[in-house]
> 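Below is a structure I'd like to ask you about.
In what follows, chains carry the letters A, B, and so on, assigned in the order in which the sequence lines appear, proteins first and then strands, with residues in each chain numbered from 1. Note that this is a predicted model, so its numbers are computed, not measured.
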Amino acid sequence: MSKEIGITVKKNEDFSEWYTQVVIKAQLTDYAPVKGLIVLRPYGYSIWEYLKSSVDQKLKVTGHENGFLPVLIPESLLSKEATHFAGFTPEVFWVTHSGDTEIGDRLALRPTSETLAYSMYSKWIKSWRDLPLKINFWNSALRAEIKSTKPFLRTSEFLWQEGHTVHATKEEAEEEVAIILDIYRRTVEDELAIPVILGKKSEKEKFVGAVYTTTMESIMPDGKALQMGTSHFLGQNFSKPFDVKFLDRQNIETFAWQTSWGISWRLIGALIMVHGDDKGLVLPPRVAPIQVVIVPIYSSQPDKEMILKKASELKEILMKKGLRTHMDSRDEFTPGYKFNDWEMKGVPLRIEIGPKDLPKNKMVLARRDSLKKSDLSFDNAEDEIIKILDEIQENLFEKARKFLNERTQNITDLGQFKKEIENGMFLYSPWCGDQKCEELIKESTGADIRVIPFDEKKSNAPCIVCKKPSKTDVIFAKGY
RNA sequence: GGGACCGUAGUCUAGCUUGGUAUGAUGCUAGCCUGGGGUGCUAGAGGUCGCCGGUUCAAGUCCGGCCGGUCCCA
């Protein structure tokens with residue numbers, strides 16, 4: 001009856017509006033009173049928790065420890081590395097007063113913590129024995145978004161992790177950069193079921209202050225690219241101004257080699273966009289706060305008792321198997337309402353148990369990915385359910401990978417390039433390596449070099465812009 | 001950076017042109033009914049009309065500023 005409860009626009013007709021409705025109506029988030037800030041509601045936060053614990057476990061296995069840094073950074077410290085500071089200063093929030101007293105060295109609300117972390121590291125690191133130092137920080141960062149904000153994708157404060165490591169050699173630091181990017185890739189592909197393209201950023205797009213930035217990029221349904229996570233090789237760019245040095249085995253004072261890397265709740269935004277449909281969220285089972293929802297259906301009182309008993313038993317069995325299971329025994333809603341409600345919230349698998357099922361010793365399964373229903377016997381149902389959840393996870397990834405493949409094209413002709421960029425494509429094109437050509441493309445088409453893929457294919461074709469010999473093939477796309 | 005639009009109960013919304021203290025739905029509470037795709041009936045509660053100021057006897061309505069949101073383009 002009242003359609004306003006659900007999503008009122010189609011994903012492929014009004015993508016922006018669809019996204020906004022999904023994040024609000026699935027109760028992931030709500031707007032805070034200050035521009036550009038959002039509140040995470042429990043359902044949204046628990047997705048973040050699963051994502052976080054998945055990354056955290058992988059970081060622990062590879063020898064990283066967690067720490068905590070304060071949110072305020074004095075300007076004198078933030079400005080110590082000049083390019084880094086210039087890059088961030090337009091979006092820094094400043095604290096200028098404590099009470100009524102003006103603060104002389106005003107304080108930045110951290111846009112990122114390199115400067116603060118490394119000023120501490122310089123105190124802690126004296127000898128080669130202190131290395132490597134590998135600390136990760138789960139916190140939030142603040143970057144003022146003046147215009148167009150969007151929940152999870154562009155907000156003035158966001159949850160993330162930032163890792164900061166220090167190494168004795170260049171080689172070891174570069175290896176760390178690669179290890180981290182692989183952790184990110186596994187998390188995003190295996191848990192979020194989103195395929196990514198790995199590679200380096202161009203000089204123009206790299207992290208301000210880094211020697212180079214490695215990245216993973218993915219395509220969204222509107223054809224725009226989303227940066228899913230970055231891992232930076234900082235070289236000695238920060239160790240010199242921040243005096244992060246140590247005595248090596250030969251008793252020679254040496255500047256350390258550093259890395260930094262991060263992923264944010266932007267990944268939740270990607271998750272919503274990539275898998276969602278006209279009915280709302282579609283969550284991959286591995287990060288779904290609720291993996292299985294049981295909807296009991298009954299009319300008479302004796303039916304109700306029997307069905308609730310059977311449903312509770314099933315829930316116990318599934319919980320013992322480690323499945324995050326919820327029984328929706330709300331009496332004030334009809335089954336139809338509940339079906340729509342849980343579909344909007346993206347629960348991967350729904351189980352319906354009603355009077356028609358019990359005599360046949362079966363239940364009805366409804367998959368969120370395909371919206372198909374099927375019967376399942378109660379005997380050893382748990383094994384089949386686990387199998388189906390794995391299938392859903394796999395199916396979502398395959399669908400997304402197929403989309404990425406369909407939207408990726410090799411283009412060597414500039415005219416064709418301009419046309420295909422407008423169609424929302426990832427274009428694999430030859431580039432001479434000159435930043436001028438990169439900027440020209442940006443001006444004339446709005447596309448960036450999203451990533452210079454690691455599996456460097458070099459076609460014989462000349463640079464798509466200047467027609468000089470190309471250095472490498474890169475991926476161009478419009479970005480978020 | 002440029003532009004367009006919007007803000008009235010938890011949510012959606014009428015009223016604004018032509019100033020006179022706000023309409024309907026949904027949701028909420030209670031009771032009944034119902035239940036396999038967004039149930040029905042009855043009663044009840046729910047409002048600083050985003051905020052500040054101006055014009056006026058009188059402002060949701062007219063004017064200005066601010067805050068917040070949405071979309072499009074670079």
> Which letters describe nucleotides 67-74 of chain B, given B = protein heavy atom under 4.0 Å from base, S = only from sugar-phosphate, - = neither?
-SSSSS--

> Any strand counts, and the cut-off is 3.5 Å on both contacts for Watson-Crick or G-U wobble. Which nucleotide pairs with B:C32?
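The answer is B:G40, by the H-bond criterion.
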
> Looking only at side chains, do A:D14 and A:Y19 share a donor and an acceptor under 3.5 Å apart?
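Note: A:D14 and A:Y19 side chains miss the donor-acceptor criterion.
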
> Is any side-chain N or O of A:D357 under 3.5 Å from a base N or O of B:G36, one able to act as donor and the other as acceptor?
yes

> B:G7 pairs with which nucleotide, Watson-Crick or G-U wobble, both distances below 3.5 Å?
B:C67

> Between A:I297 and A:Y337, which is nearer to the 5' end of RNA chain B once each is assigned its nearest nucleotide?
A:I297

> Under 4.0 Å, heavy atoms only, any strand: does A:V364 hit a base, just the sugar-phosphate, or nothing?
base

> Quick check on B:U39: is either OP1 or OP2 less than 4.0 Å from any side-chain nitrogen or oxygen of A:T334?
yes

> Report yes if a donor N or O on one partner sits less than 3.5 Å from an acceptor N or O on the other, where the partners are the side chain of A:K373 and the base of B:G37; otherwise report no.
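Yes, the side chain and the base share a sub-3.5 Å donor-acceptor pair.
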
> Any side-chain heavy atom of A:T215 within less than 4.5 Å of one from A:L198?
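SC-SC contact between A:T215 and A:L198 ruled out.
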
> Could you tell me whether a side-chain N or O of A:T20 sits under 3.5 Å from a main-chain N or O of A:S16, the two making a donor and an acceptor?
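It does hold such a pair.
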
> Centroid-to-centroid, A:F417 to A:F476, below 6.0 Å?
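Ring-ring flag for A:F417/A:F476: true, centres closer than 6.0 Å.
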
> Could you check which nucleotide pairs with B:G1 in any of the strands shown, counting Watson-Crick or G-U wobble with both distances under 3.5 Å?
B:C73

> Who does B:C62 pair with, Watson-Crick or G-U, both distances under 3.5 Å?
B:G54

> Choosing from B:C28, B:G38, B:G35, which nucleotide comes nearest the side chain of A:S299?
B:G35

> I'd like to know if the side chain of A:W431 pairs up with that of A:D473 as donor and acceptor (distance under 3.5 Å, no hydrogens or angles considered).
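Their side chains do not contain a donor-acceptor pair, so the 3.5 Å distance test is not met.
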
> Under 4.0 Å between any heavy atoms, over every strand shown, what does A:D30 touch: base, sugar-phosphate, or nothing? Just pick one.
nothing

> Taking the ring centre of each residue, are A:F158 and A:W265 less than 6.0 Å apart?
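No: the rings miss the under 6.0 Å criterion.
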
> Starting the side chain at C-beta, find the nucleotide from B:G36, B:C28, B:G37 nearest to A:K356.
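Looking only at heavy atoms from C-beta outward on A:K356, the closest nucleotide is B:G36.
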
> Contact between A:R143 and A:S156 at the side-chain level, heavy atoms closer than 4.5 Å - yes or no?
no

